[in-house]
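Please read the structure below before turning to the comments.
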Amino acid sequence: MRLTRTLQATAAVAALLTAAACGSSDSGGSSPSTGLNPPKLKAQAKLGKTEGQVNLIAWAGYVEDGSNDPKVNWVGDFEKQTGCQVNSKVAASSDEMVKLMKTGEYDAVSASGDASLRLIASGDAAPVNTDLVPNYKDVFGDLKLQAWNSVKGTAYGIPHGRGANLLMYNTEKVKPAPTSWSAVFDDAAKYKGHVTAYDSPIYIADAALYLKATKPELKIKDPYALDQKQFDAAVDLLKKQNANIGEYWSDYLKEISAFKSGDSVVGTTWQVIANLAQAEKAKVAAFVPKEGATGWSDTWMLSAKAKHPNCAYKWMDWIISPKVNAQVAEYFGEAPANAKACEQTSDKNFCTTYHAGDTAYWKNVAFWNTPIEQCLDGRTDVKCVPYAKWVQAWTEIKG
């Protein structure tokens with residue numbers, strides 16, 4: 001079954017993030033700028049003989065071989081068709097993925113935007129030749145060559161799926177129905193002890209996104225590119241919010257339980273959580289507020305030290321093939337990357353529910369990216385606060 005992107009911050013986190021301070025790119029749905037200068041690596045020119053196996057790091061639910069559920073198995077057919085045996089390790093956080101990729105023991109990883117830039121900047125991820133991935137042509141255009149998966153027009157991965165961080169509320173206890181993130185920030189005291197928030201340093205971007213709309217004098221352009229003044233404002237907002245938080249969530253089952261019991265009545269969520277909560281008769285609704293939302297877009301990235309690159313390329317093409325991409329999307333609860341996957345879902349309304357091809361919807365989503373010192377919004381007259389400082393601040397916010 002699905003597991004969430006839980007936070008496992010340790011004293012070693014700062015060491016994992018040092019590579020993130022060496023470059024820059026744009027964020028939020030536009031092609032990257034020229035600020036990030038990763039090591040000069042060349043993409044593989046052609047496919048060779050498959051090596052017989054492939055070692056993957058993935059979010060739970062992305063590499064299913066029937067061992068968790070006999071009915072959920074897209075690894076078996078891949079192994080039969082390619083001769084590449086799949087060895088996978090589930091990672092519980094982006095920080096763990098970065099650490100594992102640095103070992104050189106894995107060929108590919110399903111990285112979110114709060115990890116991908118670190119892997120590119122440090123030289124742990126290699127450029128990808130998309131011509132060697134036939135199904136790439138059918139990936140939604142607004143997922144290709146984005147700030148979190150490319151540099152200067154060079155792809156560093158194959159898009160897998162995406163989702164938005166929504167505002168969910170109890171329809172019986174939160175009235176009138178909210179339209180803004182103010183429900184969990186400026187108005188959070190109304191629901192003191194019953195507000196919930198995602199447990200991760202990247203949640204600081206949610207506060208920044210809200211301040212971008214409500215405090216224009218801060219001049220925030222990109223919630224992942226915060227100078228010290230902007231960062232301090234976001235941290236201050238979250239410290240105030242902390243007084244009203246009942247629980248920070250990282251386990252989706254606990255969030256569903258909290259909304260069913262009434263322990264939580266308003267807070268951040270994912271579409272899949274909202275769907276499951278509603279299926280369990282919780283009186284909830286979820287949506288993108290008027291300020292927009294943050295979100296995540298996962299990318300299969302190739303290790304620069306891959307020992308089985310040909311099998312890795314085969315895997316990247318397989319996982320975004322229409323039928324398989326549809327299976328993964330429905331099982332995990334996300335919008336698929338391949339437009340043709342929408343024809344293959346068992347629920348024919350699935351892609352509508354998850355806004356798979358709704359370009360206007362995704363324009364209001366600021367996808368996770370890795371904050372670095374060279375501001376992602378293109379500013380050169382200031383330094384932005386790098387992710388290592390976000391991790392430190394998150395500990396302070398939670399007290």
Result of checking Tyr361, Phe140, Phe350 against His355 for ring pair (Phe, Tyr, Trp, His ring centres under 6.0 Å): Tyr361
Using 0.5 Å steps for rounding, measure from the CG atom of Asp347 to the OG1 atom of Thr353. 6.0 Å
Is it true that Lys398 and Asp199 have a side-chain N and a carboxylate O under 4.0 angstrom from each other? yes
Distance-only, no hydrogens or angles: does the Asp107 side chain make a donor-acceptor pair with backbone N or O of Lys307 under 3.5 Å? yes
Derivation and outcome, side-chain contact (heavy atoms from CB on, under 4.5 Å), residues Ser264 and Met168: CA-CA 10 Å; Ser264 293; Met168 184 159 73; over 6 Å; no
Taking NZ, NE, NH1 and NH2 as the nitrogens, is one of them in Asp142 or Arg162 under 4.0 Å from a carboxylate oxygen of the other? yes
On a heavy-atom basis, which atom in Val151 and which in Pro38 lie closest, and how many Å separate them? CG1-CD, 4.0 Å
Are the side chains of Trp315 and Thr82 in touch, meaning some heavy atoms are under 4.5 Å apart? no
Hey, is the main chain of Val284 close enough, under 3.5 Å, to the side chain of Gln278 for a donor-acceptor pair? yes
Polar side-chain atom of Ser303 near backbone of Ala126 as donor-acceptor pair, under 3.5 Å: no
Check this for me, if you would: do Asp124 and Lys99 make a salt bridge, where the nitrogen-to-carboxylate-oxygen distance has to be below 4.0 angstrom? no
I'd like to know if the side chain of Ser257 and the backbone of Lys254 have a donor-acceptor N/O pair within less than 3.5 Å. no
Should the pair Lys144 and Tyr136 be classed as cation-pi, given the thresholds of under 6.0 Å to the six-membered ring centre and 45° from the axis? yes
Indicate the atoms forming the closest heavy-atom contact of Leu302 with Pro309, along with that distance. CD1-CA, 4.4 Å
Answer yes or no on whether Lys89 is positioned over the face of Tyr106, meaning its NZ or CZ is under 6.0 Å from the six-membered ring centre and within 45° of the axis. no
Look at the aromatic rings of Tyr331 and Trp74 and report parallel, tilted or perpendicular, splitting at 30° and 60°. perpendicular
Just by modelled atom types, is the Ile320 backbone N or O under 3.5 Å from a matching donor or acceptor in the Asn338 side chain? yes
Taking it one step at a time, do Leu376 and Leu117 satisfy side-chain contact (heavy atoms from CB on, under 4.5 Å)? CA-CA 11 Å; Leu376 301 176; Leu117 195 62; 4.1 Å; yes
Check whether Trp148 reaches the backbone of Asp298 with its side chain - one donor and one acceptor, N or O, closer than 3.5 Å. no
Flag for Glu105-Asn55: side-chain donor and acceptor within less than 3.5 Å: no
Run Tyr248 and Ile397 through side-chain contact (heavy atoms from CB on, under 4.5 Å) and show every step you take. CA-CA 11 Å; Tyr248 291 98; Ile397 288 165; 4.2 Å; yes
Flag, side chain of Asn310 to backbone of Gly48, donor-acceptor distance under 3.5 Å: yes
Quick one: does Leu166's side chain get under 4.5 Å of Gln271's, heavy atoms only? yes
Which heavy atom in Ala356 sits nearest to a heavy atom in Pro336, and how many Å separate them? CB-CD, 3.9 Å
Hey, can you tell me if Trp249 and Trp270 have their rings parallel, tilted or perpendicular (30° and 60° cut-offs)? perpendicular
Output the distance between atom CG (Asp186) and atom CG (Leu237), rounded to the nearest 0.5 Å. 6.5 Å
Counting neighbours of NZ on Lys46 that are heavy atoms of other residues, nucleotides or ligands and sit closer than 6.0 Å, is the number greater than 12? no
Side-chain donor/acceptor of Glu334 to backbone N/O of Gly163, under 3.5 Å: no
Are Phe332 and Trp59 close enough that their ring centres sit under 6.0 Å apart? no
Contacts of Asp236 meeting side-chain hydrogen bond (donor to acceptor under 3.5 Å, both in side chains) (sequence neighbours excluded), chain-then-number -> none
Determine whether the aromatic ring centres of residues Tyr224 and Trp368 are separated by less than 6.0 angstrom. no
Check the hydrophobic clustering (I, L, V, M, F, W, Y; side-chain heavy atoms under 4.5 Å; chains of links allowed) and say if Leu41 and Val128 are grouped together. no
Could you tell me whether the side chain of Ser94 reaches within less than 4.5 Å of the side chain of Arg118, counting heavy atoms only? yes
Could you check Ser182 against Asp187 for side-chain hydrogen bond (donor to acceptor under 3.5 Å, both in side chains), going step by step and ending with a plain yes or no? CA-CA 5 Å; Ser182 63; Asp187 300 331; 3.3 Å; yes
Please say whether more than 12 non-hydrogen atoms of neighbouring residues, nucleotides or ligands are located less than 6.0 Å from NZ in Lys383. no
Close side-chain approach of Glu79 and Val86, heavy atoms under 4.5 Å: yes
Asn165 versus Tyr198: any side-chain heavy-atom pair under 4.5 Å? no
For Ala177 versus Tyr169, what's the shortest heavy-atom pair and its separation? CB-OH, 3.4 Å
State, yes or no, whether a side-chain contact exists between Leu143 and Ser297 at a heavy-atom distance under 4.5 Å. yes
Minimum heavy-atom distance Asn149-Pro159, with the two atoms named: ND2-CG, 4.0 Å
For Glu280, which residues count as a side-chain hydrogen bond (donor to acceptor under 3.5 Å, both in side chains) partner, sequence neighbours excluded? Lys260
Are Pro289 and Leu167 close enough that some pair of their side-chain heavy atoms sits under 4.5 Å apart? yes
Flag the pair Gln241 / Val184 as yes when at least one side-chain heavy-atom distance between them is below 4.5 Å, and no otherwise. yes
If only atom types and distance count, is the side chain of Asp358 paired as donor or acceptor with the main-chain N or O of Thr352 below 3.5 Å? no
Before giving the answer on side-chain contact (heavy atoms from CB on, under 4.5 Å), spell out for Gln344 and Gln327 the whole-Å C-alpha distance, their side-chain angles and the decisive distance to 0.1 Å. CA-CA 8 Å; Gln344 301 289 331; Gln327 289 177 309; over 6 Å; no
Report the residues that fulfil ring-ring contact (aromatic ring centres under 6.0 Å, His included) with Phe185, sequence neighbours left out, ordered by chain and then residue number. Tyr210
Main chain of Thr299, side chain of His160: is a donor-acceptor contact present, judged purely on distance under 3.5 Å? no
Can you measure from SG (Cys84) to CG (Leu56) and round to the nearest 0.5 angstrom? 10.0 Å
Shortest non-hydrogen contact from Arg379 toward Cys384: NH2-SG, 3.6 Å
Distance (rounded to the nearest 0.5 Å) between Leu132 CG and Lys314 NZ: 9.5 Å
For the CG atom of Leu211 and the CG atom of Asp206, what is their distance to the nearest 0.5 Å? 11.0 Å
N-O pairing of Lys71 and Asp69 below 4.0 Å: no
Roughly how far, to the nearest 0.5 Å, is the NZ atom of Lys239 from the CG atom of Asp232? 8.5 Å
